[in-house]
Structures are given as structure tokens and as C-alpha cells.
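Contents: one structure, followed by commentary.
Letters A, B, ... are given to chains in the order of the sequence lines, protein chains preceding strands, and every chain is numbered from 1.
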Protein chains: 2
Amino acid sequence: MRPFTHPSVDNITVEGILHALSDPERMAIYVGLVNTETARSCANFQRINERTVPKSTLSQHFRILREAGLIRSERQGVEMLNTSRRAEVDKRFPGLVDAIMAAHCRQSGKANAGRKRGRRARA
Amino acid sequence: MRPFTHPSVDNITVEGILHALSDPERMAIYVGLVNTETARSCANFQRINERTVPKSTLSQHFRILREAGLIRSERQGVEMLNTSRRAEVDKRFPGLVDAIMAAHCRQSGKANAGRKRGRRARA
DNA sequence: CCTGTTAGTTCATAAGTCGCGAACTACGGG
DNA sequence: CCCGTAGTTCGCGACTTATGAACTAACAGG
């Protein structure tokens, strides 16, 4: 098993981010990671939006998100712990994740787009 | 030739926008349309980033952008005039296009992301 | 009206990407 | 050492994308 490749902040691209988040399942995974401090294993996302996602598919989704620089994955014992790299992404592209999350929430009818304080999604 | 399909504002989706703009050539086309009032024909974009894009490929790019709701295309005589639907997109997803344009500019080393006044593109 | 030109669309197909079951790897535990 | 859990990789069929070739639409000139 080859070791994981996490791009450096400078190698994160807009295309990569847009492509990664243009898939509804990946978007759901990222949303589940971005608003929390605690790492979550892949197995946490085996059920997305009423559907059971096969392990191999999930693995690919995580790889795309990882290679886009959106998340960091580290093996912790037998499982894989994933955390969002939001602060780094924000440093490279200020406001991008925020805007995408706000748009996603608006579309799916949910409030709260901001990180901790539920602003930005605005009126 | 079937008439064009432009989604209504409410049918514009985040996935559609992200997918459309995750391609460098489509991003270049959209950037060329979004910061101007004047409509531009498809032929205006036959050369993108040092490369001559085939007509059929261009046509597909415009279709994707159109179906994502990012642009409007209308036949005017022998050519096709394209304009950005930015105001409408902004209404549905406030700040999204702004953030993506800012990120794109930052990545490609160009300043000026905002609409008319060259702000927003960072400090 | 016919012919030609320009601008773009559609079709067909080759090349590339994705989804997912099956097989494999890694890390504990007993 | 063998087993179970969590995830990765492989292989292949299904779906997408890119592009040359053929087609369509809107004019202009004769």
C-alpha cells in the first residue's frame, strides 16, 4: 500500500476543489467533516443520503478529497481518521469553502454555513 | 436543431456550477464572459491558453456552461451571442461566483476578481 | 432561387473516467 | 498464528468526454 499523498497548500488548485465537491456524495462527506474538530473514520460515511455506499467507492471518494487538499487522512490503528484541512484551504483561497458551503446549505434547505458562528449564510 | 435549454434560476445547482467550472477551458470561457457587459460569440474563444480548441469541443463547453445556468446563449444572425447570467446566479447563491473568481485569479496570479471595482481579490 | 461563406450544432467513435465486486493489505487481539 | 475489522487496489463494464466529419441556420451576392 503506497503512502498517502497530501498536496502542500501551494499545490491545492481551484479545479481540484471544484471537481471534488461537484459530486453529491463527496460533498456530503466533506460537509460532515468540515464543521467539526473531531476526526471521523471512513466507515462513518458508509450511509449517505439513504444509500449504502460500497467500500471501494467510498475509498475513491476519500482519495479524491485528499488529493484535492480538502482533507487529511491518517491511519490510527485499524481505522483511518479524516479531518478537514479547512484552515489551510482558507489560507490559499480565502472565502472559497465558505461560499461553497453556504451555497450547498442554501440549496439543500439547511441553515448554518459558517464555521462556528452561524453567520454568512445570511438573509 | 433543438432550441437551447436554459435552466430557471431555481433549477441552478451547486454541483452543476462546480462541475462546469472544474474544467480549465470552461473556466477560461466563463472568466471571459463574467467581467463584461458585452456579449461575445463562441468564435471569440477558439484560442484558449495557447491552444486552439476545436469547434465541436467549444460547442460542448458552451452547452455545459449553459445547462449549469452560468451563461445565456442567443442566436443573433449568423452567430451565437453569449452573456453571463451572473446576477441571477448571485441571487440564488450569493457570493459563490465571487469566491470562485477570486480563487481562480489568486491561483493564476491575476488581480481583480470583483465585478467592476477591483476589490475582493485579497489584501 | 441557387451558391457560397460563416458560425455553430449534432453524430459517431475513440479515449478517458467512474463505480463497484472481488481480492488483497494492515493492524490489532486472543 | 489465525481471525476480524477497516480500508486499499485491481479489473472490467458502464458512463463521459473529446473531436473529426457531416449537417443546419442565417445571411450575401448574383
Start and end of the DNA chain D segment that chain B contacts, any atom under 4.0 Å from a heavy atom: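 In short, chain B contacts DNA chain D from D/dT17 to D/dC27.
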Figure out the [atom1]/[atom2] separation between [X] and [N], and round it to whole Å.
{"X": "B/Leu58", "N": "C/dT9", "atom1": "CG", "atom2": "C1'", "value": "12 Å"}
{"X": "A/Asp23", "N": "C/dT17", "atom1": "CG", "atom2": "P", "value": "16 Å"}
{"X": "A/Arg26", "N": "C/dT17", "atom1": "CZ", "atom2": "C1'", "value": "11 Å"}
{"X": "B/Met80", "N": "C/dG8", "atom1": "CE", "atom2": "P", "value": "8 Å"}
{"X": "B/Glu74", "N": "C/dT9", "atom1": "CD", "atom2": "C1'", "value": "17 Å"}
{"X": "B/Asn82", "N": "C/dG8", "atom1": "CG", "atom2": "C1'", "value": "11 Å"}
{"X": "B/Ile64", "N": "C/dG8", "atom1": "CD1", "atom2": "C1'", "value": "16 Å"}

Go through the structure and list residues passing side chain to side chain donor-acceptor pair (under 3.5 Å) with B/Thr38, not counting sequence neighbours.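 Here the qualifying residues are B/Thr36.
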Set of side chain to side chain donor-acceptor pair (under 3.5 Å) partners for B/Gln46, sequence neighbours left out: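 For B/Gln46, no residue satisfies side chain to side chain donor-acceptor pair (under 3.5 Å) once neighbours in sequence are set aside.
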B/Glu79: which residues meet the salt bridge (charged side-chain N to carboxylate O under 4.0 Å, His left out) condition with it, sequence neighbours left out?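 By the salt bridge (charged side-chain N to carboxylate O under 4.0 Å, His left out) rule, B/Glu79 matches no residue at all.
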Got a sec, which residues hit salt bridge (charged side-chain N to carboxylate O under 4.0 Å, His left out) with A/Arg85, two or more places apart in sequence or on another chain?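 Only A/Glu88 meet the salt bridge (charged side-chain N to carboxylate O under 4.0 Å, His left out) criterion with A/Arg85.
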Would you mind listing every salt bridge (Lys or Arg N to Asp or Glu O under 4.0 Å) that reaches into residues 56-69 of chain A, with sequence neighbours excluded?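 Of all non-adjacent pairs touching residues 56-69 of chain A, those that pass salt bridge (Lys or Arg N to Asp or Glu O under 4.0 Å) are A/Arg63-A/Glu67.
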If the sugar-phosphate is the primed atoms plus P, OP1 and OP2 and the base is the rest, what is the B/S/- string for nucleotides 20-30 of chain C, using protein heavy atoms under 4.0 Å? BBB--BSBS--
When you compare the side chain of A/Leu96 with that of B/Ile100, does any pair of heavy atoms fall below 4.5 Å?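 B/Ile100 reaches A/Leu96 side chain to side chain.
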Any side-chain heavy atom of B/Val53 sitting closer than 4.5 Å to one from B/Phe45?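 No; the side chains remain at least 4.5 Å from each other.
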Who clusters with A/Met80? Use side-chain heavy atoms, under 4.5 angstrom, across I, L, V, M, F, W and Y, and order the result by chain and number.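 A/Met80 shares its hydrophobic cluster with A/Phe4.
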Can you name the side chain to side chain contact (heavy atoms under 4.5 Å, CB included) partners of B/Gln107, sequence neighbours left out?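 Partners of B/Gln107 by the side chain to side chain contact (heavy atoms under 4.5 Å, CB included) criterion, ordered by chain and then number, come out as A/Thr13, A/Val14, A/Glu15, A/Arg92, A/Phe93.
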C/dC18 phosphate, OP1 or OP2, under 4.0 Å from A/His19 side-chain N/O: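 True: A/His19 side-chain N/O within range (under 4.0 Å) of C/dC18 OP1/OP2.
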